[in-house]
Amino acid sequence: MLVIGELINGMYKQIQDAITKKDKKVIRDIAKNQIANGADAIDVNVGPGSLNQLDDMKWLIEAVGEATDKPISIDSPKPSIIEQVLPLVKNKIIINSTDAGDEKLDVLIPLAKKYNACIIALTMDKKQGVPRDRYVRSELAAKIVSKALEVGLSMENLYLDPIVLPVNVVQPQAIEVLEAIKEFKLLSSPPPKTIVGLSNVSQGTKTRSLINRTFAVMAISMGLDGAILDPLDRDLMDAIITAELVMNKNIYCESYLSAYRKK
Ligand code: THG
């Protein structure tokens, strides 16, 4: 499974402070630590408090690029920011994200193709926001898949995100997201990939790690291909590796946890 480390996000005070003070070492260390703990890629998000999103994003990408050659997930709701930073990224790129609205799809899917990047597509649009059930999610997913096929973007590079919401706020949504993951796989052959922002599910709860790893295992059983998550959560990473073992995606041996980590 594609594990994207979520910790370089201006939502965290430490990251916001590092951005303000232009302290690249903090960013490099957090990038390296996530990779050392099993992340396959690093998400970068300037956070809601950024006063200059373009410059802050460029700086974060530069700092992460100094720390690792692993893919960088450019996490911004603004297509213009994504478009302007793309030529500067030396690592493999994950565009995070487009939604299902034409405004973003028409710009970002061709850019993903041009840069041979992966792209995460949220199954929502500006008009209706986050869908309330699996059916609307699948309708929007179908629109995204057909746009990708039209542009010639490989399904290997398309990650559909059904949008995970906090279980303490909208409890009935969790099962809708899980069922959507399964249904997205039926949209094309070969199928598109699926991904979630895992930590969303536990926001505001007192048992975050337990809820995160329980939901992760259930999503993996539905065929999940990737997650944006905290790779420093050892129990979570162990649960994911074990769920993938049960799904026959890696080989059992007595030391499968450490064997996986050395891969
Ligand atoms: N899908 C996609 N991208 C995403 C998300 C998604 N990017 C952002 C987010 N969701 C995933 N990343 C995070 C990062 C941090 C947290 C949740 C999701 C988080 N942060 C603490 C909190 O809010 O409680 C911050 C605590 C602190 O301030 O120290 O939970 O769904 N494609």
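Whatever order the structure lists them in is the order used to number ligands and atoms, beginning at 1.
Any N or O atom pair closer than 3.5 Å counts here, and Asn200 shares at least one such pair with ligand 1. Any N or O atom pair closer than 3.5 Å counts here, and Ser97 shares no such pair with ligand 1.
Atom 7 (N) of ligand 1 has Asp75 OD2, 2.7 Å as its closest protein atom, hydrogens excluded (heavy atom only). Annotation: atom 2 (C) of ligand 1 to nearest protein heavy atom, Asp161 OD2, 3.2 Å. In this structure, atom 23 (O) of ligand 1 lies nearest to the protein heavy atom Gln203 NE2, 3.0 Å. Of all protein heavy atoms, the one closest to atom 21 (C) of ligand 1 is Arg208 NH1, 3.8 Å. Protein heavy atom nearest atom 12 (N) of ligand 1, with residue, atom name and distance: Glu6 OE1, 3.6 Å. In terms of protein heavy-atom proximity, atom 20 (N) of ligand 1 is closest to Met11 SD, 3.2 Å. For atom 29 (O) of ligand 1, the nearest non-hydrogen atom of the protein is Tyr12 CD2, 3.4 Å. Closest protein heavy atom to atom 17 (C) of ligand 1: Ser199 CB, 3.5 Å.
Under a 3.5 Å cut-off, the side chain of Ser73 and the backbone N or O of Asp75 do not form any donor-acceptor pair. At distances below 3.5 Å, not a single donor-acceptor pair connects side-chain atoms of Arg134 with backbone N or O atoms of Glu183.
Residues Lys92 and Asp40 are not paired through a salt bridge, judged by the lack of any N-O separation under 4.0 Å between the basic side chain and the carboxylate. Look at Lys104 and Asp125 and you find no salt bridge, because none of the NZ, NE, NH1 or NH2 atoms lies under 4.0 Å from a carboxylate O. Ion pairing between a basic and an acidic side chain is recognised when a charged N comes within 4.0 Å of a carboxylate O; Arg28 and Asp23 show no such pairing.
Identified under the salt bridge (Lys or Arg N to Asp or Glu O under 4.0 Å) test for residues 231-248, with sequence neighbours left out: Asp238-Arg261.
Under the 3.5 Å distance criterion, with hydrogens and angles disregarded, a donor-acceptor pair is assigned to the side chains of Thr242 and Tyr256. Arg137 and Thr123 are not linked by any side-chain donor-acceptor pair at a separation below 3.5 angstrom, with hydrogens and angles left out of the test. Remark: the Asn168 side chain and the Thr205 side chain contain no N/O donor-acceptor pair separated by less than 3.5 Å.
Heavy-atom distances between Leu122 and ligand 1 reach below 4.0 Å in at least one pair. In this structure, Asn96 counts as a contact residue of ligand 1, since one of its heavy atoms falls inside 4.0 Å of the ligand. Heavy atoms of Ile120 approach ligand 1 to within less than 4.0 angstrom.
With a heavy-atom cut-off of 4.0 Å, Lys13 does not touch ligand 1 at all.
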